[in-house]
Amino acid sequence: MTDTAHLEDLNERQRSAVTFARPDTAAGLTSDPLLVIAGAGTGKTQTLSHRAAHLVLSGVDARRILLLTFSRRAAEEMTRRARGICDAALAARGRRGQAVSLPWAGTFHAIGARLLREYAPALGLSPNFSILDRADAADLIDVCRQQLGLALRTRRFPRKDTCLAIYSQVVNRRAKLAAVLETRFPWCVAHHDALKRLFAHYTERKQHLALLDYDDLLLHWALMMREPGLAAGLAARFDHVLVDEYQDTNLLQAEILRGLAPTGAGLCVVGDDAQAIYGFRAADVDNILGFADQYAGARVVRLERNYRSTQAILDAANTLMADAARRYDKQLASARGAGLRPRHIIAHDGADEARHVIEQVLARRETGVALKQQAVLFRNAHHANEVEIELVRRDIPYRKYGGLKFLDAAHVKDLLALVRWAANPANQIAAYRALQIVPGVGPASAQRAFERLEADDWSLVRLGRQPAPRQADAEAWCGLVDTVAALAEGAGGWPATLEPAAEWLKAQLPDRYEAPTTARAGDIDDLVRIAARYRDRDRFLTELTLDPPAATGDHNDDAHLDEDYLVLSTVHSAKGREFDSVYLLHVADGTFPSEYTARSPADLEEERRLLYVAFTRARNVLEVVSPLRYHVTEQRRLGDRHVYGAISRFMTPAVRACFSARDVGTPVDAPVSAAAPASLRAALDVGAAARRLWD
DNA sequence: CTTGCCTTCGTTTTT
DNA sequence: CGAAGGCAAG
């Protein structure tokens with residue numbers, strides 16, 4: 001007899017999703033397949049964490065619940081909430097609950113890494129495989145390209161990032177190379193055969209060197225599910241599989257789920273097709289749109305009562321989505337009343353945009369809304385530049401999510417390369433990078449040293465006994481090899497073993513980088529401090545790669561937890577979050593939608609959804625800014641660096657009717673440059689640009 | 001073979 | 001404007 005007090009703060013729909021179970025089984029031990037279509041702000045997280053808690057309270061073993069999320073933040077949040085619900089319920093029953101945890105909550109990639117580590121022997125994988133982040137994977141592709149002689153100048157070959165992107169699409173879409181090239185990379189079609197060879201070689205190298213890229217974590221997991229014996233064993237470990245953000249899963253992930261729950265029994269997926277914004281990463285909206293066809297007897301529950309935003313904001317969001325092509329029809333209804341109309345601000349240029357937004361943020365703060373409750377959102381990281389400059393100038397603290405990451409800094413990568421090489425001496429990418437830190441060691445010496453290492457059964461210790469390369473700084477060389485060997489040994493325990501490596505690297509900084517290097521040394525110390533938070537070296541590497549610190553400065557969040565700061569974030573990074581006030585920058589055609597994705601109708605739909613995600617982050621205040629004249633980042637040679645653009649095509653008259661409009665900034669006085677690109681000439685007339693606003 | 005300087009090229013979103 | 005690739009000097 002289950003006490004139901006914990007279900008009281010749910011609405012009827014939510015409760016039906018939380019308690020959904022097969023009627024003929026006791027205590028909800030299993031259920032038919034369940035799809036929860038949860039509109040923005042309708043309590044998706046609440047519902048999923050309640051379901052997990054409810055299952056545990058009904059007697060399901062928490063270790064037999066698999067909870068797959070999109071980001072680590074989401075996994076932690078849900079685990080935390082589920083624990084809170086369980087604790088409260090157990091306390092109410094007068095039972096002293098031991099804290100409930102969900103040991104199998106995590107991202108697809110993180111859970112995949114964990115399972116592959118465990119099943120490595122059965123899969124012919126080295127259990128100490130390293131995970132390549134994006135940049136490392138691209139570097140390995142580059143090495144392969146050299147090895148195959150594809151880097152010839154006779155014919156332009158796609159660059160490494162493009163090669164990796166193509167590869168990734170092929171893997172995640174489970175598609176033929178030719179098809180991917182034709183639809184998404186038409187300018188590379190001529191290189192079909194060479195790419196095929198390249199990918200074959202890349203795959204072979206990864207296998208040989210015990211390296212897995214992001215896609216491999218899913219691919220190998222999916223391959224494992226194709227092996228009936230292994231699949232059955234894995235499926236038997238879990239009674240319930242709960243999936244968050246199902247609209248952002250791809251075909252590989254769908255295949256994995258199919259293997260874990262072949263009939264759909266125990267499978268519960270939650271998502272919102274209107275918020276599918278990861279198509280560029282091969283996510284497939286058809287997963288969620290076709291769920292009921294995929295799993296016979298699936299139950300669909302729709303959540304439409306919105307607890308986040310005011311109705312005025314939801315009206316704008318609903319109107320925006322009314323034009324969408326394919327979708328689960330839903331109208332969000334606010335539980336919070338009418339509220340203020342959102343505002344559409346027409347700014348003269350980027351500077352006015354920045355100034356206006358900051359003034360509004362400060363004004364809002366005067367009414368008692370903390371900076372942390374306010375967010376400036378944008379499509380591309382660089383759109384925030386002018387706002388950032390202004391924030392620094394006015395000494396307003398902020399934190400930026402998306403864009404340049406802490407781990408992208410060259411010196412941080414250096415230290416990681418040392419640790420990665422130590423963890424897996426066959427990690428060619430880490431080895432190359434580490435070796436080339438030594439003055440006088442370039443690609444060729446690094447290559448030869450690596451070959452010697454391979455020929456000598458990957459023994460770092462014996463590599464140290466061999467003479468240094470001719471031109472190498474002998475002292476630094478010895479320092480490097482000793483340092484890495486000690487790291488491999490793990491002497492002194494984690495993270496103390498990291499200290500000598502950090503010190504050695506800091507000693508190299510003046511040679512390697514321009515002065516001043518104090519900031520770089522500080523970053524290295526920060527990384528050492530971060531390392532201390534992880535149990536051991538391997539967990540540090542794995543988790544850091546799968547979940548890099550989200551924001552610049554995020555790595556010292558413990559210290560600044562109570563500080564107030566304004567949030568700057570890409571729309572993508574803001575998914576799943578909410579703020580009292582949202583200011584959306586640069587709502588211009590070419591950005592919303594992006595000029596790069598405006599080609600196919602499907603891409604265009606995704607751009608609309610991106611705007612929808614941005615709108616629906618706001619609780620009380622939404623301001624959308626369109627600068628008329630802005631800095632153009634491409635075609636710099638073609639003359640003037642400012643162009644006049646058009647307001648986003650998604651801001652249709654019907655959508656604009658949901659907003660109140662206002663102009664800010666000085667009237668246009670700058671003469672129009674005759675050198676502006678011809679394609680933009682039609683928009684050069686400010687009067688015409690202004691008229692277009694009200695068409 | 002390494003390194004530093006010069007040219008050219010291409011630009012989104014991220015687990 | 002920044003990164004990456006090519007070329008020449010040490």
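Lettering follows sequence order; numbering is per chain, from 1.
Judged by closest nucleotide on DNA chain B, A446(A) is the one of L610(A) and A446(A) placed further toward the 5' end. Residue whose closest nucleotide on DNA chain B sits further toward the 5' end, between Q471(A) and E606(A): Q471(A).
The nucleotide whose nearest atom lies closest to any side-chain atom of R281(A) is, among dT13(B), dC1(B), dT15(B), dT15(B). For F280(A), taking side-chain heavy atoms from C-beta onward, the closest of the listed nucleotides dT13(B), dT15(B), dC1(B) is dT13(B). Relative to the side chain of R159(A), the nucleotides dG10(B), dT15(B), dT2(B) differ in distance, and dG10(B) lies closest. The listed nucleotides are dT2(B), dT12(B), dT15(B); the one nearest the side chain of R379(A) is dT12(B).
Taking a centre distance below 5.5 Å and an interplanar angle below 30 degrees as the stacking criterion, Y278(A) does not stack against the six-membered base ring of dT14(B).
In this model, the phosphate group of dT14(B) is approached by a side-chain N or O of T570(A) to a distance below 4.0 Å at OP1 or OP2. Taking 4.0 angstrom as the limit, R448(A) places a side-chain polar atom (N or O) nearer than this to OP1 or OP2 of dC1(B). The shortest distance between the side-chain N/O atoms of S573(A) and the OP1/OP2 oxygens of dT14(B) is below 4.0 Å.
Residues passing the salt bridge (charged side-chain N to carboxylate O under 4.0 Å, His left out) test with D139(A) are K160(A), sequence neighbours excluded. Y612(A) meets the side chain to side chain donor-acceptor pair (under 3.5 Å) test with no other residue; sequence neighbours excluded. Listed by chain and residue number, E76(A), E543(A), D547(A) satisfy the salt bridge (charged side-chain N to carboxylate O under 4.0 Å, His left out) test with R72(A) (two or more places apart in sequence, or in another chain). Listed by chain and residue number, nothing satisfies the salt bridge (charged side-chain N to carboxylate O under 4.0 Å, His left out) test with E475(A) (two or more places apart in sequence, or in another chain).
Nucleotides dG5(C) and dT12(B) are separated by 24 Å at their C1' atoms, to the nearest Å.
Applying the salt bridge (charged side-chain N to carboxylate O under 4.0 Å, His left out) test to residues at least two apart or on different chains, the pairs with a partner in residues 244-255 of chain A are K44(A)-D244(A), K44(A)-E245(A), R174(A)-E255(A), R226(A)-E255(A), E245(A)-K575(A), D248(A)-K575(A).
When rounded to the nearest whole Å, the span between CZ of R145(A) and P of dG5(C) equals 7 Å. Between the CG atom of L218(A) and the P atom of dT14(B) there is a distance of 18 Å, given to the nearest Å. We find that CZ of F378(A) is positioned 12 Å from C1' of dT12(B), with the value rounded to whole Å. Atoms NE2 (H383(A)) and P (dT13(B)) sit 9 Å apart, rounded to a whole Å. If you measure from atom CG of L585(A) to atom P of dT12(B), you get 18 Å, rounded to the nearest angstrom. Across the protein-nucleic acid pair, Q169(A) atom CD and dT15(B) atom P stand 16 Å apart, rounded to whole Å. Atom CZ of R577(A) and atom P of dT14(B) are 13 Å apart (whole Å). For the pair F185(A) CZ and dT12(B) C1', the interatomic distance rounds to 13 Å; values are reported in whole Å.
Counting any heavy atom pair closer than 4.0 Å across all strands shown, S445(A) reaches sugar-phosphate atoms only and no base atom.
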Applying ring-ring contact (aromatic ring centres under 6.0 Å, His included) to F378(A) and H572(A), what does each step give before you reach the verdict? CA-CA 9 Å; F378(A) 35 87; H572(A) 283 89; over 10 Å; no

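For R173(A) and D284(A), the salt-bridge test fails: no basic side-chain N is under 4.0 Å from an acidic carboxylate O.
A donor-acceptor contact closer than 3.5 angstrom links the side chains of T542(A) and R117(A).
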Can you name the atoms? Protein N/O to nucleotides 3-7 of chain B N/O, anything below 3.5 Å, with the distance.
{"unit_1": "dT3(B)", "atom_1": "OP1", "unit_2": "G440(A)", "atom_2": "N", "d": "2.7"}

